[in-house]
Amino acid sequence: MWTNWSGGQQCRPIATVRPLDDSGVSAVVRRAAERGQTVRPIGAGHSFSALAVTDGVHVDLSAFRGVTGIGGRPGRPTVRVRAGTTVGELHEELASRDLALEAPLELAAPTVGGALAVGMHGSGTAHGSLSAAVAGLRLVDGRGRLRDVTVADLDGARTSLGALGIVVEAELAVVPAGRVRVTRAPRPVEEVLDPAFWAEHPVAEAAVFPSAGTALTRWAEPLPEHADTGDTDEDTEAEEPERSLGVTVAGATGRTALGGAVVVERALPRLVPRFNRAVSRLARRVSATGPMHRVLSSPPAVRYEQTEWALPRAALAEGARELFAALTDDHLEVGLPVRLRVGAPESGWLHPSHDRPTAWVAVRVPRGTDHAPVLERAYRVLRAHGGRPHWASRSDWTVEDTARAYPRLPDFRRVRDDYDPDRVFATPALAAVLGD
Ligand SMILES: Cc1cc2nc3c(=O)[nH]c(=O)nc-3n(C[C@H](O)[C@H](O)[C@H](O)COP(=O)(O)OP(=O)(O)OC[C@H]3O[C@@H](n4cnc5c(N)ncnc54)[C@H](O)[C@@H]3O)c2cc1C
């Protein structure tokens with residue numbers, strides 16, 4: 001039995017195979033096609049949605065690890081990386097070469113192939129997702145052929161939900177490594193809904209407990225090379241907001257992190273003052289310096305279910321206010337802070353940030369709590385504000401929604417017919433959002 005990270009998705013594939021090289025991947029696809037079976041590549045299983053769920057053959061890419069080459073043009077370096085490399089391994093391999101992703105990702109566990117398939121993102125007004133860094137892709141298509149994706153098809157393939165083939169290697173744009181200072185501070189919620197906050201802090205995020213009226217923010221600023229930061233050792237241990245909040249709430253209730261979060265749902269009014277005091281206390285240890293991927297890394301404090309939506313950035317204030325009001329009016333306290341992040345417009349035809357600046361709004365519910373009422377409320381509000389859901393998150397999105405919200409869907413379908421004419425990579429979850 002295969003289970004995703006949150007425990008909310010499970011399946012029994014006919015077989016799980018772990019090819020060791022490109023020709024092994026081709027052989028798996030050909031054999032499955034001959035037998036009339038479907039094939040689904042899997043990464044780290046960190047998607048909350050059912051994208052990796054199959055009753056066909058699971059293809060485990062964990063043997064496809066590491067950076068295989070450096071390329072690009074002077075001043076515009078790229079690296080070639082195998083698709084089963086984890087995001088954390090990629091960050092460290094780049095750092096060892098004095099390189100970095102321009103827009104680092106906060107979670108180390110996902111694989112490059114999985115992160116690209118769903119358009120994994122961090123936060124920055126001018127930062128795209130990992131998909132935006134793609135300069136080239138090599139994949140095995142539905143007929144088992146190893147193909148380099150053409151430039152004309154690249155915007156279809158950079159965020160593909162795994163519908164076009166099994167990516168074995170990606171070429172990614174990178175930048176010279178640098179260091180940043182990350183600062184953390186609490187603010188009134190209204191401040192983080194104001195575009196001025198994001199203009200002042202282009203690489204930032206906010207964690208909001210709707211009922212508490214407080215947002216814990218953090219932002220990163222580049223440091224000049226060899227800058228003497230004056231930070232103490234304690235400063236460099238600054239915790240990231242989500243973890244701080246989860247652990248704080250747990251501490252306030254004297255329970256485990258998960259138990260604490262559940263208690264908040266029932267006892268929030270009593271806890272809000274404590275929570276706010278804890279936020280302020282935590283926020284006094286404000287600063288950390290180092291390579292961006294290290295100081296922004298964000299290991300989760302508890303397991304949870306999540307829905308995250310890409311709103312047009314101009315809709316952030318109204319959408320978030322309505323969401324917070326809906327959650328508090330219905331006494332649907334979420335247990336974990338709602339997370340606000342931003343992203344640049346993307347060229348990827350199926351990226352949720354396609355063609356517009358984005359504000360990401362993520363609602364999380366700890367495992368063990370009934371997530372449905374909270375997530376369903378969030379779907380309704382965020383869809384009404386023009387949101388498109390993150391492909392890795394839970395949602396009630398349909399193929400009709402995709403057709404309405406993604407103007408390049410017809411182009412994607414044309415590319416899909418070319419790469420997977422027999423729908424060897426089909427799954428019910430793909431059919432639900434892309435059609436057959
Ligand atoms: C705690 C936590 C924190 C998270 N934080 C963030 C965040 O900060 N930002 C964000 O954007 N997302 C976040 N996510 C979601 C995360 O981005 C995705 O779940 C993850 O990127 C998917 O990678 P994976 O390796 O786990 O892929 P899986 O979940 O295993 O697979 C996802 C999809 O990719 C396909 N796929 C996998 N490998 C390949 C391949 N080689 N070729 C083609 N298709 C492939 C699968 O078939 C499936 O459709 C978070 C998830 C968790 C659990």
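Counting starts at 1 for both ligands and their atoms, in listed order.
When the shell of 6.0 Å around CG of Asp417 is examined, it contains more than 12 heavy atoms from other residues, nucleotides or ligands. A 6.0 Å sphere centred on CZ of Arg404 holds more than 12 heavy atoms belonging to other residues, nucleotides or ligands. The number of heavy-atom neighbours closer than 6.0 Å to CD of Glu191, taken from other residues, nucleotides and ligands shown, is above 12.
Here the heavy atom of the protein found nearest to atom 21 (O) of ligand 1 is Ala115 CA, 3.3 Å. Nearest to atom 7 (C) of ligand 1 among the protein's heavy atoms is Arg341 NH2, 3.5 Å. Among protein heavy atoms, atom 2 (C) of ligand 1 sits closest to Leu107 CD2, 3.4 Å. The protein heavy-atom contact nearest to atom 12 (N) of ligand 1 is His390 NE2, 3.3 Å. Arg40 NH1, 2.9 Å is the protein heavy atom nearest to atom 49 (O) of ligand 1. Of all protein heavy atoms, the one closest to atom 13 (C) of ligand 1 is Met120 CE, 4.1 Å. The protein heavy-atom contact nearest to atom 20 (C) of ligand 1 is Pro110 CB, 3.7 Å. The shortest contact between atom 35 (C) of ligand 1 and any protein heavy atom is with Ala117 CB, 3.7 Å.
Evaluation of the side chain to side chain contact (heavy atoms under 4.5 Å, CB included) rule for Ala63 yields Arg18, Leu20 as partners, not counting sequence neighbours.
Side-chain rings of Trp391 and Phe48 stay apart, their centers remaining 6.0 Å or farther from each other. Between Trp349 and His354, the distance separating the two ring centers is not shorter than 6.0 angstrom.
At least one heavy atom of Tyr304 sits closer than 4.0 Å to an atom of ligand 1. Distances from ligand 1 to the non-hydrogen atoms of Phe48 include at least one value under 4.0 Å. Ligand 1 has at least one atom lying under 4.0 Å from a heavy atom of Gly165.
Within a 4.0 Å radius of atom 23 (O) of ligand 1, the protein contributes one or more non-hydrogen atoms.
The distance criterion of under 3.5 Å between nitrogen or oxygen atoms is met by His121 with respect to ligand 1. At under 3.5 Å, not a single nitrogen or oxygen of Glu308, backbone or side chain, sits near a nitrogen or oxygen of ligand 1. Inclusion of Gly162 in the set of residues having an N or O under 3.5 Å from an N or O of ligand 1 is not warranted. Taking only nitrogen or oxygen atoms, main chain and side chain alike, Ile42 does not reach within less than 3.5 Å of ligand 1. At a 3.5 angstrom cut-off on N or O pairs, Ser47 counts as close to ligand 1.
Using a cut-off of 4.0 Å between Lys/Arg side-chain N and Asp/Glu carboxylate O, Asp420 and Arg143 are scored as not salt-bridged. The pair Arg158-Glu346 fails the salt-bridge criterion, with no side-chain N (NZ, NE, NH1 or NH2) lying under 4.0 Å from an Asp/Glu carboxylate O.
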Report the C-alpha distance between Ser393 and Gln306 in whole Å, list the side-chain angles of each, state the deciding distance to 0.1 Å, and finish with yes or no for side-chain hydrogen bond (donor to acceptor under 3.5 Å, both in side chains). CA-CA 6 Å; Ser393 81; Gln306 165 170 299; 5.6 Å; no
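In plain terms, the two heavy atoms of Val28 and Val57 that are nearest each other are CG1-CG1, 4.3 Å. Closest heavy-atom contact between Met120 and His390: CA-NE2, 4.4 Å.
Within the 4.0 Å heavy-atom criterion, the part of Leu161 lying near ligand 1 is the backbone and not the side chain. At a heavy-atom distance under 4.0 Å, no atom of Glu106 approaches ligand 1.
Formation of a donor-acceptor pair under 3.5 Å by the Thr78 side chain with backbone atoms of Ala173 is not found in this model.
Near Pro300, the atoms of ligand 1 lying under 4.0 angstrom from a non-hydrogen atom of the residue are 1 (C). Near Ile166, meaning under 4.0 Å from any of its heavy atoms, are these atoms of ligand 1: 42 (N). Near Val167, the atoms of ligand 1 lying under 4.0 angstrom from a non-hydrogen atom of the residue are 40 (C), 41 (N), 42 (N), 43 (C). For ligand 1, the atoms closer than 4.0 angstrom to any heavy atom of Ala83 are 41 (N).
Side-chain polar atoms of Asp153 and Tyr419 form a donor-acceptor pair below 3.5 angstrom.
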